[in-house]
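Note that the coordinates shown come from a computational prediction; the quantities given were computed from them, not determined experimentally. Order of the sequence lines fixes the chain letters, A, B, ..., with proteins taken first and strands second; residue numbering starts at 1 for each chain.
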Amino acid sequence: MDNKRVKVRFAPSPTGWLHIGGARTALFNWLFAKANGGEFILRIEDTDRERSKKEFEEGILSGLKWLGLEWDELIRQSERREVYKEYLEQLIASKAAYYCFCTKEELEGAREGMVVSGLPPKYSGRCRALTDAEIEGKKRAGAKNVIRFKMPEKKVIFKDTIRGTVTFDAALFGDQVIAKSLIEPLYNFANVVDDSEMQITHVIRGEEHLANTPRQILIAEALGLASPSFAHIPLILNPDRSKMSKRFADVALKDYISGGYLPDAMFNFLAFLGWHPREDKDIMSRNELVKEFELERVQKAGAVFNIEKLNWLNSHYINRLSSEEFTELAQKYLPDDWKFTNTMAESVRSRVKNLGEVKDLASFYFNLPNYDKAILLWKKMPPAAAEANLSNIAKILEGIDNLSFTKENLEKILIEKTKDLPKGEVFWPLRVALSGAEKSPTPFEIMEALGKIESLDRIMRAINKLRE
RNA sequence: GGUCUCAUCGUCUAACGGCUAGGACAGCGCCCUUUCACGGCGCAAAUAGGGGUUCGAUUCCCCUUGGGACUACCA
């Protein structure tokens with residue numbers, strides 16, 4: 001190969017939210033650029049005026065930033081119409097492209113005819129034969145037209161870094177529309193012009209673009225331009241192995257951001273979807289990933305999106321955060337008037353898979369649920385015993401000063417002073433009295449977080465409940 | 001339908017043509033334990049099928065089967 005500096009691009013179209021698959025494509029590009037000391041370009045492919053929305057572009061940019069994929073340069077195709085126009089004129093002048101005046105209805109009819117007779121549907125090339133005079137005449141009459149690329153009838157062979165040698169027969173393609181007009185280029189054309197002008201060395205994109213590659217190579221040839229090298233990465237799949245869609249899971253990165261996943265976890269997860277390091281490990285930092293990423297080790301087959309693994313990784317990264325970081329992050333997923341403390345946070349940390357789950361698990365700290373008194377009882381213990389145990393504990397707690405109200409202390413003291421009683425009959429009622437829930441953190445953790453006054457208050461309320 | 005493409009545990013994957021086919025997630029069991037989690041230990045689980053090539057195929061070749069992508073005046 002050549003020793004040009006590596007330059008890659010991520011080229012999303014702002015016609016929807018950044019998709020998990022798109023995020024991974026961006027990530028692989030970024031990783032490859034960093035691993036090879038190259039540049040990572042972000043190119044917004046907004047040639048489709050109708051469907052492109054500023055909102056989506058902003059979503060893509062913020063999503064990439066969230067993942068930590070900073071770009072070296074940002075380009076919008078909508079700002080480059082003049083450039084495409086020149087190339088389009090060149091193609092028309094060299095007769096490699098021509099104006100087509102066929103109407104959509106005509107095309108539709110021809111297509112159906114071909115499909116019915118079992119032929120691959122492709123454009124007949126009818127307008128190829130138009131003379132300059134005829135074209136002028138039609139234009140003057142105001143006939144709508146598009147620009148078609150005269151597809152050479154030849155075999156296209158190219159090497160894909162991931163898939164090896166791939167061959168297509170362009171004779172089956174038909175003449176493609178490459179622009180709606182001189183200032184309205186279409187994807188396959190604008191893409192070729194930009195990859196060349198920006199001197200992109202490696203095109204790393206989703207497998208759905210594999211079939212576009214020969215067309216793009218042919219357009220580049222007609223323009224006298226060199227093509228970059230290609231690498232088509234496998235698709236991310238639904239559990240039924242079809243292309244990942246919202247039928248089975250959230251597909252937009254933003255849903256995972258708002259769901260409380262950490263960027264590091266998502267980064268790690270996405271990197272391992274279709275790629276694997278030489279050494280067998282599953283937790284890797286960004287730096288390690290950059291150091292070890294190789295395009296050659298990307299899988300050929302598609303990978304099913306496995307939320308369980310993401311959850312596991314996310315838990316791992318959540319548990320690696322400092323106590324302060326975790327508390328601060330979790331606070332963002334809580335109502336403003338819930339003042340989340342470090343001790344509260346620590347009590348729920350190992351019990352959540354994402355920050356979005358904190359709210360449910362920690363709500364009892366802020367609103368003691370109006371629970372049924374029956375759940376205060378451990379197995380078949382009599383209510384009187386629960387009441388007695390709680391009163392006993394309240395008495396013990398009275399004697400402990402505020403400063404000693406730590407989970408370690410409380411655990412030590414309470415276990416010692418109730419050692420003659422069945423543990424379940426002491427601590428289950430206590431825990432439920434404090435949390436109002438059948439599942440919760442330990443009573444010691446809760447009491448430390450709540451403090452002496454509130455803890456005693458909740459215990460008294462439980463006792464009253466039992467007396468009702 | 002046509003073109004292209006893919007194929008190791010349920011899932012993500014490892015294995016210069018040479019080991020009881022390894023790891024992780026999920027599952028199950030045990031331990032820890034007042035609950036739920038965390039954690040520790042363990043169990044179960046795969047080379048799609050058929051032909052070659054070879055002393056030897058997960059690995060190389062062919063066929064079958066199955067899956068997927070693409071087939072726009074979207075990208």
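- Checking A:Ser440 against A:Leu172, the closest nucleotide of RNA chain B that is more toward the 5' end is the one next to A:Leu172.
- Around atom NZ of A:Lys353, no more than 12 heavy atoms belonging to other residues, nucleotides or ligands sit under 6.0 Å away.
- Between the CD1 atom in A:Ile178 and the SG atom in A:Cys100 there is a gap of 12.0 Å [rounded to 0.5 Å].
- Ion pairing between A:Arg349 and A:Glu346 holds under the 4.0 Å rule for side-chain N and carboxylate O.
- Taking the P atom of each, B:rU3 and B:rU64 are spaced 13 Å apart, rounded to whole Å.
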Below 3.5 Å between N/O atoms, which protein atoms pair up with nucleotides 72-75 of chain B? Just atom names and distances, please.
| residue | atom | partner | partner atom | Å |
| --- | --- | --- | --- | --- |
| B:rA72 | OP2 | A:Arg111 | NH1 | 2.4 |
| B:rA72 | OP2 | A:Arg111 | NH2 | 3.2 |
| B:rC73 | N4 | A:Cys102 | O | 3.1 |
| B:rC74 | OP1 | A:Lys180 | NZ | 2.9 |
| B:rC74 | O2' | A:Asp48 | OD2 | 2.9 |
| B:rC74 | O2' | A:Arg51 | NE | 3.3 |
| B:rC74 | O2' | A:Arg51 | NH2 | 2.3 |
| B:rC74 | O2 | A:Arg51 | NH2 | 3.1 |
| B:rA75 | OP1 | A:Thr47 | OG1 | 2.6 |
| B:rA75 | OP2 | A:Tyr187 | N | 2.8 |
| B:rA75 | O3' | A:Glu45 | OE1 | 3.1 |
| B:rA75 | O2' | A:Ser13 | OG | 3.3 |
| B:rA75 | N6 | A:Asn212 | OD1 | 3.3 |
| B:rA75 | N6 | A:Asn212 | ND2 | 3.3 |
| B:rA75 | N1 | A:Asn212 | ND2 | 3.3 |

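- The gap from the P atom of B:rC63 to that of B:rA24 amounts to 39 Å, rounded to the nearest Å.
- Using a cutoff of 4.0 Å between basic side-chain nitrogens and carboxylate oxygens, A:Asp240 and A:Arg247 are scored as salt-bridged.
- Salt bridge absent: A:Arg297 and A:Glu292 never bring a charged side-chain N and a carboxylate O closer than 4.0 Å.
- Remark: the separation of the C1' atoms in B:rA44 and B:rU35 is 29 Å, to the nearest Å.
- Base orientation of B:rC16: anti, since the glycosidic angle falls outside 90° of 0.
- Across every non-hydrogen atom of A:Met284 and A:Pro277, the tightest pair is SD-CG, 3.7 Å.
- Other residues, nucleotides and ligands place more than 12 heavy atoms under 6.0 Å from the NZ atom of A:Lys254.
- Contact annotation for A:Ser181: no contact, since no heavy-atom pair falls under 4.0 Å across all strands.
- Nucleotides B:rG10 and B:rU5 have their C1' atoms positioned 24 Å apart, rounded to a whole Å.
- How far CD1 of A:Ile217 is from OG of A:Ser227: 5.0 Å, rounded to the nearest 0.5 Å.
- Nucleic acid contact for A:Arg297: sugar-phosphate only, since backbone atoms but no base atoms lie under 4.0 Å from a heavy atom of the residue.
- Taking atom C1' in both B:rC32 and B:rC36, the straight-line distance is 14 Å, to the nearest Å.
- The side-chain contact (heavy atoms from CB on, under 4.5 Å) with A:Phe326 is formed by just one residue from the set A:Asn319, A:Leu355, A:Asn342; it is A:Leu355.
- Between A:Phe168 and A:Phe173, the ring-plane angle classifies as tilted under the 30° and 60° cut-offs.
- Ring geometry, A:Trp378 versus A:Trp428: the interplanar angle falls from 30° to 60°, so the pair is classed tilted.
- The aromatic rings of A:Trp275 and A:Phe272 sit perpendicular to each other, their planes meeting at more than 60°, with 30° as the lower class boundary.
- Nucleotide B:rC43 forms a Watson-Crick or G-U wobble pair with B:rG27, both donor-acceptor distances falling under 3.5 Å.
- The nucleotide B:rA7 finds its pairing partner in B:rU65, both defining distances of the Watson-Crick or G-U wobble pair being shorter than 3.5 Å.
- No engagement by A:Phe189 is indicated, since no non-hydrogen atom pair under 4.0 Å with the nucleic acid exists.
- Contact annotation: A:Lys122 side-chain N/O to B:rU3 OP1/OP2 distance is not under 4.0 Å.
- Of the two residues contacting RNA chain B, namely A:Trp378 and A:Asp169, the nearest-nucleotide position lying further toward the 5' end is that of A:Asp169.
- B:rA46 and B:rA72: their P atoms are spaced 43 Å apart (whole Å).
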Show the distances under 3.5 angstrom between N or O atoms of the protein and N or O atoms of nucleotides 6-13 of chain B.
| residue | atom | partner | partner atom | Å |
| --- | --- | --- | --- | --- |
| B:rC12 | OP1 | A:Val304 | N | 2.9 |
| B:rC12 | O2' | A:Phe272 | O | 3.1 |
| B:rU13 | OP1 | A:Gly274 | N | 2.8 |
| B:rU13 | O3' | A:Gln299 | NE2 | 3.3 |
| B:rU13 | O2' | A:His276 | NE2 | 3.0 |

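- Within residues 419-436 of chain A, the residues approaching RNA chain B are A:Lys423, A:Gly424, A:Phe427, A:Trp428, A:Arg431, by heavy-atom distance under 4.0 Å.
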